[in-house]
Amino acid sequence: MSIAFDPSSVLPALLGGALIGAAAAALVLINGRVAGISGILGGVLGGPFVAREWGWRLAFLVGLVGAPLLYVAWRGMPPIGIAASTATLIVAGLLVGFGTRLGGGCTSGHGVCGTARLSPRSLVATGLFMLAGIAVVAALRWAS
């Protein structure tokens with residue numbers, strides 16, 4: 001499988017990345033919290049109820065789910081192609097969840113927020129995420 005580079009996709013990707021960075025910075029500056037999705041979700045589902053903590057977490061998650069739904073309502077569903085079985089996707093999701101617990105956070109928390117704060121733990125975790133991704137792609141390309 002080959003994916004060709006499309007220059008028209010650069011600007012939306014840059015704007016999206018800038019918005020993610022700005023949102024993460026705003027959350028830290030305004031709320032003193034890191035925008036790690038697993039930690040935010042864990043605080044809603046498994047943490048003790050603290051109204052001031054629960055409210056912003058729920059708002060963050062509603063925005064995380066609601067923004068793509070608004071986009072689809074506005075522009076329609078973009079074409080999506082997934083070359084994997086349902087079973088493979090389920091196993092992959094479970095492995096990601098396990099890795100998130102094992103690594104003490106998710107890629108958004110470590111990769112976006114932790115590296116920006118020069119957290120040694122996040123720098124190591126992000127390096128390992130990248131190495132694992134590179135190894136999997138290399139193995140899949142070698143196997144096919």
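Formation of a donor-acceptor pair under 3.5 Å by the R117 side chain with backbone atoms of V34 is not found in this model.
By the criterion of side-chain heavy atoms lying less than 4.5 angstrom apart, applied directly or through intervening Ile, Leu, Val, Met, Phe, Trp or Tyr residues, I82 is not grouped with V91; the two fall into different hydrophobic clusters. The hydrophobic cluster containing L19 does not contain L14, counting ILVMFWY residues as joined when their side-chain heavy atoms lie under 4.5 angstrom apart, directly or transitively. Under a hydrophobic-cluster definition in which Ile, Leu, Val, Met, Phe, Trp and Tyr are linked whenever side-chain heavy atoms come within less than 4.5 Å, directly or via other members, W56 and L29 are assigned to different clusters. Linking ILVMFWY residues whenever their side-chain heavy atoms come closer than 4.5 Å, directly or via other members, leaves F129 and L123 in distinct clusters. In terms of hydrophobic clustering, with Ile, Leu, Val, Met, Phe, Trp and Tyr side chains grouped at heavy-atom distances under 4.5 Å, L118 and V112 are assigned to different clusters.
Contact detail for I37 and F60: the closest heavy-atom pair is CD1-CE2, 3.4 Å. The heavy-atom pair separating L64 from P68 by the smallest distance is O-CD, 3.2 Å. Considering every non-hydrogen atom in both R57 and I40, the closest pair reads NH1-CA, 3.4 Å. The nearest pair of heavy atoms linking L89 to A84 is CD2-CB, 4.1 Å. Closest approach of A35 and C113 over heavy atoms only: N-SG, 3.5 Å. Nearest heavy-atom pair across S122 and H110 is OG-ND1, 2.9 Å.
Distance CZ/R121 to OG1/T126: 10.5 Å, rounded to 0.5 Å. From T88, atom OG1 reaches atom CG of L95 across 11.0 Å, with rounding to the nearest 0.5 Å. Between the CH2 atom of W54 and the CG atom of L45 there is a distance of 9.5 Å, given to the nearest 0.5 Å.
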